[in-house]
A.B. asks: 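Okay, here's the structure, questions in a sec.
Quick note: residue numbers are just sequence positions, from 1. It should be emphasised that the depicted structure is a prediction, and the values quoted were computed from it without experimental measurement. Quick note: numbers below take in every heavy atom, side chains included, and nothing from hydrogens, waters or symmetry partners.
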Amino acid sequence: MRRALLTLSSLLGLVAAPLSVQAAEKKAPVEACNGCEALLELAAASPLRKDDRARDAARHPVETLSFFRVGPQMKVGEYAPGGEWYSRFLGLYLGQQGHLVGLYFDPTSGAFKADRQDGIRKAAAQYPADVAKFTGMSADKFAAYTLDAVPEAEKGTFDVIVIPRMMHNLFNWNIADSEIKAMRGLLKPGGLVGIEQHRAKADAPYSYTDGSKGYLREADVIRFMEVNGFDLVGKSEISANPKDTANWPDGVWTLPPTYALKERDKAKYQAIGESDRMTLLFRKRD
């Protein structure tokens with residue numbers, strides 16, 4: 001790992017100058033990061049990720065984060081870190097010169113009972129230590145906040161916020177408006193939001209695309225973000241899966257890795273693979 005870190009440091013020197021200028025200019029929009037894919041590949045190859053790497057084929061972290069324009073010196077928020085799979089990757093990538101912040105649900109939003117509220121706050125408090133332990137870096141390289149308790153000084157300081165496979169819960173729990181509004185306030189002018197989300201068919205009925213089945217229509221997500229002050233920068237088919245018919249009675253959890261039906265037809269769902277996913281990039285509108 002020491003050899004990998006030294007190599008990462010040397011590569012960071014190749015991109016440090018333009019990124020430093022960009023970071024110093026608060027109003028500059030986040031643009032593509034030249035040379036960042038090589039740095040992302042290096043983070044992906046870290047021996048520390050030996051247990052996480054099995055998911056790379058379905059989640060495409062290098063291509064996704066490159067599309068989201070995540071540079072190694074940026075301040076990046078990961079929304080709803082959950083199992084911290086992306087956090088571990090981002091910790092390796094950002095931990096030397098950037099800043100990774102876990103962003104957790106607002107526990108007071110009305111979507112959570114008292115015990116769950118307490119669990120959310122405890123998870124946020126533990127987050128820096130979790131990522132530090134995995135990466136071997138200092139915990140002060142990382143931070144985390146629930147969205148009801150973000151310090152005022154943090155607002156307007158984030159370059160990018162990443163939302164992996166979570167928009168369906170926000171819609172289903174009826175907290176999407178308030179959560180996105182809070183995240184918008186954290187972004188710099190021109191800051192970016194990258195969304196990866198299970199994708200329903202364009203003509204799927206609302207009863208299937210209200211979030212309860214895990215799938216959302218791409219057009220609905222785009223329109224929602226536009227209404228909430230964002231412009232669509234681009235779409236990617238990085239995580240598309242045409243084998244997914246996106247009409248499972250048990251929702252997206254029918255497919256791997258959850259296998260809601262347990263052993264029933266497991267080989268069939270294994271052959272289909274993980275869900276068809278949209279990958280969308282939005283820019284904060286002034």
A.B. asks: Answer with yes or no whether the hydrophobic clustering places Tyr215 together with Ile238; edges join I, L, V, M, F, W, Y residues whose side-chain heavy atoms lie under 4.5 Å apart.
C.D. replies: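 No; Ile238 is not reachable from Tyr215 via cluster members.
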A.B. asks: Check whether any side-chain heavy atom of Arg69 lies under 4.5 Å from a side-chain heavy atom of Val160, and answer yes or no.
C.D. replies: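 Side-chain contact under 4.5 Å: no.
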A.B. asks: A side-chain contact here means heavy atoms from C-beta on lying under 4.5 Å apart; do Phe68 and Leu192 qualify?
C.D. replies: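 Heavy-atom side-chain distance check fails, nothing below 4.5 Å.
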A.B. asks: Could you grab the distance from atom CZ of Arg121 to atom OH of Tyr104, nearest 0.5 Å is fine?
C.D. replies: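 Nearest 0.5 Å value for the CZ-OH distance: 13.0 Å.
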A.B. asks: Between Phe105 and Tyr79, is a ring-ring contact (aromatic ring centres under 6.0 Å, His included) present by the stated rule, with each step listed?
C.D. replies: CA-CA 8 Å; Phe105 309 117; Tyr79 179 69; 5.6 Å; yes
A.B. asks: With hydrophobic residues grouped by side-chain heavy-atom distances under 4.5 Å, do Met137 and Met74 end up in a single group?
C.D. replies: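 Yes; tracing contacts between hydrophobic side chains, which count when under 4.5 Å, links both residues.
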A.B. asks: Of the options Arg49, Arg88, Lys50, which is the one that meets Asp56 in a salt bridge (Lys or Arg N to Asp or Glu O under 4.0 Å)?
C.D. replies: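 With Asp56 as partner, Arg49, Arg88, Lys50 yield a single salt bridge (Lys or Arg N to Asp or Glu O under 4.0 Å), made by Arg49.
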A.B. asks: Check whether Met183 and Leu94 end up in the same hydrophobic cluster, where Ile, Leu, Val, Met, Phe, Trp and Tyr are linked by side-chain heavy atoms less than 4.5 Å apart.
C.D. replies: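 Same hydrophobic cluster.
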A.B. asks: Establish whether Met167 and Leu65 are linked, either directly or via other cluster members, by ILVMFWY side-chain heavy-atom contacts under 4.5 Å.
C.D. replies: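 Hydrophobic grouping puts Met167 with Leu65.
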A.B. asks: Nearest 0.5 Å, please: how far is CZ in Arg53 from OG in Ser46?
C.D. replies: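 The OG atom of Ser46 sits 7.0 Å away from the CZ atom of Arg53.
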A.B. asks: Can Arg283 and Asp231 be counted as an ion pair, charged N to O under 4.0 angstrom?
C.D. replies: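 Between Asp231 and Arg283 there is no salt bridge, as every charged N stays at least 4.0 Å from the carboxylate O atoms.
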A.B. asks: Is Arg59 salt-bridged to Asp52, cutoff N-O under 4.0 Å?
C.D. replies: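 Here Arg59 does not pair with Asp52 in a salt bridge, since their nearest N and O are not under 4.0 Å apart.
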A.B. asks: Aromatic rings Tyr86 and Phe89: how do their planes relate, parallel, tilted or perpendicular, breaks at 30° and 60°?
C.D. replies: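 Correct class here is perpendicular.
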A.B. asks: Heavy-atom distance under 4.5 Å between the side chains of Arg277 and Arg199, does that happen here?
C.D. replies: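 Not in contact.
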A.B. asks: Following the transitive rule for hydrophobic clusters with a side-chain heavy-atom cut-off under 4.5 Å over Ile, Leu, Val, Met, Phe, Trp and Tyr, establish whether Met278 and Tyr208 coincide in one cluster.
C.D. replies: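 Each belongs to a different hydrophobic cluster.
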